[in-house]
Amino acid sequence: MVICCAAVNCSNRQGKGEKRAVSFHRFPLKDSKRLIQWLKAVQRDNWTPTKYSFLCSEHFTKDSFSKRLEDQHRLLKPTAVPSIFHLAEKKKSARGHVRSRRKEAGQPPGDVREPQEEAACEVIERSLSADEEPMVKEEVGNMERAASPSEQGVERPTPMEGAPGRTSADSLAIEPSAPRKPERPALGGCAEPSAQAGAWNTDKSGISIDDFTPLGSGACKFIGSLHSYSFSSRHTRERPSLPKEQLDRKRLKRDVEPGCSRSSVVPGTCLAESAPTSSLTATPQKPSQSSSAPPPDVTPKPATEAVLGQKGDTDANPMSINEVIMSASGACKLIDSLHSYCFSSRPSKSQVCCLREQVEKKNGELKLLRQRISRSDNQVKKLREKLEEVRRLTLPYLNGLLAPDCEPPKMNPSIEPLSWLLGTWLSEPPGDGIYPTLQPFHYLEEVHITHVGQPMLNFSFNAFHPDTKKPMHRECGFIRLKPDSNKVAFVSAQNTGIVEVEEGEVNGQELCIASHSIARISFAAEPRVEQIMRKFRLNAEGRLEQTVSMATTTQPMTQHLHITYKKVTP
Ligand code: HEM
């Protein structure tokens, strides 16, 4: 690749003269304002710079350069604008004079070499063999090192484009025959309204690329790419037609071109790449246009037309450099104004749809949950009604006041020594009944020993026939403790017509009592009970045992009953 200065009347090229005496600097393609300043200074008619266009250091004042600390290498300042040109020579001399100087330098004249020279440069670069690559890299690398940091930032590819450290030029020179497969060009790269026109549309599923691309960055990249129309339209039209294969390679290369950030939205990246002819007439669209109307007063279309001049403008009626600069400047401002839409708080239609779907899905889940809660509430309500019914049956009327919250009243501390008796007990196995005058028998019995916060226990014993389940013996009463002692009084009323008081002692989990007084109704059955003895104990298995012995008018003290209960309540 031959690098030569693009200035009028300048014949400097790389390799000519002392090495490093003259450095070459790329046009700031991605800095539209500065580019316009450069173009105004260069004053080349009907010429558009590309990434392969350079100005040599002779056109910059000394203060345009700075020196790199490490190696004192000359760097062009990011704000530098060329100002030293021999334009008078051009004015007074005809094109032939310039051509003669170029011929002397072995190069085509600067003001007539376009577009042939640009195309020739590219052809040279693309025809480089692998063996020539190091040289090309070195040359371009030297140029890159001589460029300012901002230019390096503009010219260097992103890691996505190529290996670290490789330049755009490297990539173009080395990989023309194996262009990298475009990776989601419409999603992550610089949006191309022509090549990727379909990608902007919503697909069959209704999901557009906006669903996957941050709204601002995607739109920014696309809008940035519009700058290429501001500068390259005429350039493209005036370039000699390249073989179709080369154009295809250029398109592929452009597809993998990294997008421009908002801060670097310039005509640079796409400027060097000639857009397909069809794109000149395409109306670029805002990325979110599929979901919203374009801005009424600012559309890219006028920008394109501004650069093109009249739609019917042809090569036979070329625009002057001033026209190009002015129209390009206007187009740049117009395109830059589009960025105000990139960061609009208004979400895209696809985003709204996506959110709406999520909301509808959540609403559906919420509806199901509410139905479940409603069913559960009904079940709870029915259970509460049943519980109230049971409570009314078991604790009718005022007794219901004793356990309004289903919590037992606090036990009186005085009856704590008898607390092991508390609970509901069921006979297991059935009780055994014996007596010398009787046939042995079995019976079932349910025992309730409770308290209501008073200093006594309430009890009820309810016997049933084990087979017929008919009620048999029943008794109820109270158990009291003499304060500050283990003395116990057992007061019982039986369905047989006996009322008795037994007294005794509680020792640990054993209560032994004997009848203190027995009364009976006048018409009670014979024989009369004259003495009763009982023993309650909580055995090692946690079961309650009761043994009843009695003496009648006919029998001495003899065991009548023995039964074991198991506790059925906590
Ligand atoms: C401390 C409580 C009890 C006393 C004081 C008591 C007293 C008596 C007496 C005095 C007799 C008559 C005995 C005879 O004829 O010689 C009797 C009979 C009987 N007792 Fe008891 N008894 C008591 C508890 C029970 C219990 C819990 C049952 C269980 C079902 C029961 C079932 C019977 C039976 C089946 C007879 C024979 C038939 C009868 O006379 O009805 N007794 N009892």
Side-chain angles (χ1 to χ4, degrees), residues 415 418 420-451 456-481 486-507 509-539 543-569:
I415 59 172
L418 298 171
W420 51 274
L421 285 166
L422 286 169
T424 299
W425 306 85
L426 284 177
S427 55
E428 186 178 289
D432 297 317
I434 53 175
Y435 205 66
T437 58
L438 304 175
Q439 290 291 325
F441 63 91
H442 300 292
Y443 67 100
L444 306 178
E445 192 164 55
E446 177 178 323
V447 179
H448 295 276
I449 303 178
T450 62
H451 74 89
M456 66 196 71
L457 298 180
N458 309 322
F459 69 82
S460 67
F461 292 83
N462 307 286
F464 296 85
H465 193 279
D467 301 324
T468 64
K469 305 294 187 299
K470 286 186 176 180
M472 296 175 72
H473 185 269
R474 300 175 74 92
E475 64 179 315
C476 61
F478 305 94
I479 306 173
R480 298 187 61 118
L481 262 171
N486 64 341
K487 304 293 182 190
V488 176
F490 184 96
V491 181
S492 171
Q494 302 177 18
N495 61 345
T496 55
I498 294 176
V499 176
E500 58 149 339
V501 173
E502 299 176 34
E503 291 187 359
E505 292 181 352
V506 58
N507 293 294
Q509 294 178 330
E510 184 175 284
L511 173 64
C512 293
I513 49 178
S515 55
H516 176 273
S517 56
I518 300 174
R520 60 193 302 270
I521 60 175
S522 59
F523 47 91
E526 294 293 337
R528 293 184 182 181
V529 178
E530 295 195 331
Q531 199 172 11
I532 302 170
M533 294 182 64
R534 303 185 197 233
K535 187 169 89 174
F536 295 93
R537 81 178 186 104
L538 195 66
N539 67 20
R543 296 193 171 215
L544 181 64
E545 293 181 29
Q546 178 184 202
T547 303
V548 177
S549 299
M550 67 179 180
T552 64
T553 51
T554 63
Q555 300 293 326
M557 179 65 71
T558 307
Q559 180 174 315
H560 180 40
L561 309 164
H562 180 264
I563 191 169
T564 302
Y565 311 95
K566 77 168 185 181
K567 199 171 186 178
V568 294
T569 55

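Everything numeric in this text was worked out from a predicted model, so none of it was measured. Whatever order the structure lists ligands and atoms in, that order sets their numbers, starting from 1.
For the ligand labelled ligand 1, residue Gly433 lies outside the 4.0 Å heavy-atom shell. Note on ligand 1: Arg534 sits in its first shell, one or more heavy atoms being nearer than 4.0 Å. Proximity of Glu526 to ligand 1 is not established, as no heavy-atom distance is less than 4.0 Å.
Side-chain contact check for Glu505 versus Lys487: some heavy-atom pair is nearer than 4.5 Å. Between Asp432 and His442, some side-chain heavy-atom pair lies under the 4.5 Å cut-off.
The CD atom of Gln509 lies 10.0 Å from the CG atom of Leu544; values are rounded to the nearest 0.5 Å.
Remark: the backbone N or O of Met472 is paired with a side-chain donor or acceptor of Asn495 at under 3.5 angstrom. Between the Arg520 side chain and the Ala525 main chain, a donor and an acceptor come within less than 3.5 Å of each other. Put simply, the side chain of His448 never gets that close to the backbone of Gly423: no donor and acceptor are under 3.5 Å apart.
Those atoms of ligand 1 that come under 4.0 Å of a heavy atom in Thr437, given as number and element, are 13 (C), 14 (C), 15 (O), 16 (O). Counting the atoms of ligand 1 from 1 in the order shown, those under 4.0 Å from a heavy atom of Val529 are 7 (C), 10 (C). Annotation for ligand 1: atoms under 4.0 Å from non-hydrogen atoms of Leu561 are 24 (C), 25 (C), 26 (C), 27 (C), 28 (C). Residue Ile532 has at least one heavy-atom neighbour below 4.0 Å for each of these atoms of ligand 1: 5 (C). Per-residue contacts place Val548 under 4.0 angstrom from the following atoms of ligand 1 (heavy atoms of the residue considered): 1 (C).
Less than 4.0 angstrom separates atom 39 (C) of ligand 1 from none of the non-hydrogen atoms of the protein. The presence of a protein heavy atom under 4.0 Å from atom 20 (N) of ligand 1 is confirmed. Contact annotation for atom 43 (N) of ligand 1: protein present (non-hydrogen atoms, distance under 4.0 Å).
Applying the side-chain hydrogen bond (donor to acceptor under 3.5 Å, both in side chains) test between Tyr565 and each of Glu445, Arg543, Glu446 identifies Glu445 as the sole match. Between Asn458 and the options Leu422, Ile449, Thr450, a side chain to side chain contact (heavy atoms under 4.5 Å, CB included) holds for only Thr450. Checking Val501, Val529, Ile532, Ile498 one by one against Ser515, the side chain to side chain contact (heavy atoms under 4.5 Å, CB included) holds for a single residue, Ile532.
With hydrogens left out, the protein atom closest to atom 15 (O) of ligand 1 is Pro527 CD, 3.4 Å, a heavy atom. Summary of contacts: the protein heavy atom closest to atom 30 (C) of ligand 1 is Met472 CE, 3.4 Å. With respect to atom 4 (C) of ligand 1, the closest heavy atom belonging to the protein is Gln494 OE1, 3.9 Å. When only non-hydrogen protein atoms are considered, atom 37 (C) of ligand 1 lies nearest to Leu438 CD2, 3.3 Å.
Between Tyr435 and Gln559, the closest heavy-atom pair is CD1-O, 3.9 Å.
When heavy-atom distances to ligand 1 are checked against a 4.0 Å cut-off, His560 comes that close only through its side chain, counted from C-beta outward. Residue contacts with ligand 1 for Met550 involve side-chain atoms from C-beta outward but no N, CA, C or O (heavy atoms, distance under 4.0 Å). Residue-level proximity to ligand 1 for Thr496 is absent, since no heavy atom of it falls below 4.0 angstrom. If you look at Phe441 next to ligand 1, the close heavy atoms, those under 4.0 Å, all belong to the side chain.
Residue-environment remark: NZ (Lys566) stays at or below the threshold of 12 foreign heavy atoms within 6.0 Å. In the displayed structure, Arg480 atom CZ is contacted under 6.0 Å by at most 12 heavy atoms of other residues, nucleotides or ligands.
When His442, Gln555, His473 are checked for heavy-atom proximity to atom 28 (C) of ligand 1, His473 turns out nearest.
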